[in-house]
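Owing to the predicted nature of the structure, the values given are computational and were not obtained by experimental measurement. Numbers restart at 1 for each chain; the letters A, B, ... are given by sequence-line order, proteins then strands.
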Protein chains: 2
Amino acid sequence: MARKKRINPRKSPAQERSRFTVEQIIQAATQVFAEWGYAGATTNHIAERAGVSIGSLYQYFPNKEAILVTLAKRHVEIAGNLLMGLVAERNLIETDLTEVLRPFIQATLELHTGNPRLNYVILSEAVWSAEAMEQVHALEDQFIDQLALTLDTHRQVSVKNSRHAAYIVVHAIKNLAHEFVIHPPAGMSEEAFVEEMVALVGGYLNR
Amino acid sequence: MARKKRINPRKSPAQERSRFTVEQIIQAATQVFAEWGYAGATTNHIAERAGVSIGSLYQYFPNKEAILVTLAKRHVEIAGNLLMGLVAERNLIETDLTEVLRPFIQATLELHTGNPRLNYVILSEAVWSAEAMEQVHALEDQFIDQLALTLDTHRQVSVKNSRHAAYIVVHAIKNLAHEFVIHPPAGMSEEAFVEEMVALVGGYLNR
DNA sequence: ATTAAATATGAGCAATTACTCGTAATTTGG
DNA sequence: CCAAATTACGAGTAATTGCTCATATTTAAT
């Protein structure tokens, strides 16, 4: 799509009043993007839902895409912190691999169940504005690196290349969770799905 | 996006001349969608690239979405035939599981390497026009059912629920291949990726 | 050769929409 | 209390674009 747009905020909110405005816009955008998709969502609609004027919206976001990037960054950050926290609060020397894996997978699934559409918008738009999403991918890579270190720590895990393994694990879980919530397969419960995923990833890490 | 559009051809080409026209449109659409994304692609642009008038395009496709659906169906059909053929031409009683898995994964990867962007357009748009993509998903489900039967045949495979297993296997391979070609991770070759995938899926099926 | 059906054309319309800019209201600092 | 800075407003615009339709051309049928 050949985009070369600024994605940084046109202006940073300084007063409490404007910080509230920006937050309203973000909340509204979350709903509208999820409901209508990226192309279907209009900036006017977002502003309306946020209860602010279209002019105010463009004071803080230079364009539509910048709004989505903000959403994406927030999402990845929240997810990253939650998941790494989950791993960190467990003793990796003593805990069985499955006991770490299952909550990890469950949490990822819930993260996607919460707002499946929004995730899809973020994922699909990311392709067409690679530079804009650089920051998002940087966060993701950072997460993978962290996980790679963790893998090295766990006694049950034996992989040649922990970076490669972390990449496979993260994206297997992320993408299959996506798939599952977007096109729920007939005759497979959430619990069943989680167990299959535990088997898939557990078997891969522990050989 | 609340779409309720007809997606079936407005008119079926009867003469050789028009069949050629339709084929030109499909080829052009493949390129233009891949290059610009769904929203970025314009029907006028597609017609132009195809070397036909915009009027001709709308004689055979009721709207832009119908063009994408046609592309998607074709893609799934080709991929399905290729992959099932790959499995079919091997003797599952004697062949080692890995010997079936590796070419399967390689072929899937190549399928995506060929036109990564187009795949993404299809995937991401599918969410916003569920009914339109019904036919596409029917084809996918059919493929999973077929694979489930095959899994039951292979002696090395031992899974509780072959339907579930087929679902996991197909989507793990498909989605990770996507991920890999769209955001190639630094420091991981195609070969390395394939081997990791063989380990992932092989370990899951053979326990 | 004549008619009817199929196919091709493309100018232009109707609708949508991202975004601007001049102005007004509110808050802050001194 | 006042001036400067910040924030809010929203009507309007410029550009885009999916799609129609009246007309022309080509092919098939008799």
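Each of A:Arg17 and A:Asn44 was assigned the nucleotide of DNA chain C with the nearest heavy atom; the assignment lying further toward the 5' end belongs to A:Asn44. Comparing A:Ile54 and B:Glu16, the nucleotide of DNA chain C nearest to each residue sits closer to the 5' end for B:Glu16.
If you check C:dA18, C:dT27, C:dA6 against the side chain of A:Thr43, the one that comes closest is C:dA18. Of the candidates C:dC19, D:dC19, C:dA6, C:dC19 carries the atom nearest the A:Lys64 side chain, counting heavy atoms from C-beta on. Among the nucleotides D:dG18, D:dA8, C:dA11, the one closest to the side chain of B:Tyr58 is D:dG18. Side-chain proximity of B:Gln15 to the nucleotides D:dC9, C:dA6, C:dT9 is greatest for C:dA6. Relative to the side chain of A:Ser53, the nucleotides D:dT20, C:dT26, D:dG10 differ in distance, and D:dG10 lies closest. Nearest to the side-chain atoms of A:Gln59 among the listed nucleotides D:dA28, D:dA8, D:dC19 stands D:dA8. Listed nucleotides: C:dT7, C:dC19, D:dT7. Nearest to the side chain of A:Tyr60: D:dT7.
From B:Ile105, atom CD1 reaches atom OG1 of B:Thr98 across 9.0 Å, with rounding to the nearest 0.5 Å. Atom NE2 of A:His164 sits about 7.0 Å away from atom CD of B:Glu196, to the nearest 0.5 Å.
In this structure, A:Ile25 places its CD1 atom 14 Å from P of C:dC19, rounding to the nearest Å. Atom NE2 in A:His45 sits about 20 Å away from atom P in C:dA15, given to the nearest Å. Taking atom CZ of A:Phe33 as the reference point, atom P of C:dA18 lies 9 Å away to the nearest angstrom. Atom-to-atom, CD1 of A:Ile46 to P of C:dC19 comes out at 11 Å; the value is rounded to the nearest Å.
Within a 6.0 Å radius of CZ in B:Arg90, other residues, nucleotides and ligands contribute more than 12 heavy atoms.
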Legend entry - From CA spacing to verdict: side chain to side chain contact (heavy atoms under 4.5 Å, CB included), B:Glu190, B:Leu109: CA-CA 9 Å; B:Glu190 279 200 15; B:Leu109 186 61; 3.7 Å; yes

Inset, instruction - Show your reasoning for whether side chain to side chain donor-acceptor pair (under 3.5 Å) applies to A:Gln31 and A:Gln27. - result: CA-CA 7 Å; A:Gln31 297 172 23; A:Gln27 294 303 330; 5.6 Å; no

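If you check distances only, the side chain of B:Asn63 never reaches the base of D:dC19 with a donor-acceptor pair under 3.5 Å.
Between A:Ser56 and the phosphate of D:dC9, there is a side-chain N or O to OP1/OP2 separation shorter than 4.0 Å.
Contact annotation for A:Thr42: backbone-only contact, meaning every heavy-atom pair under 4.0 Å involves sugar-phosphate atoms and none involves a base.
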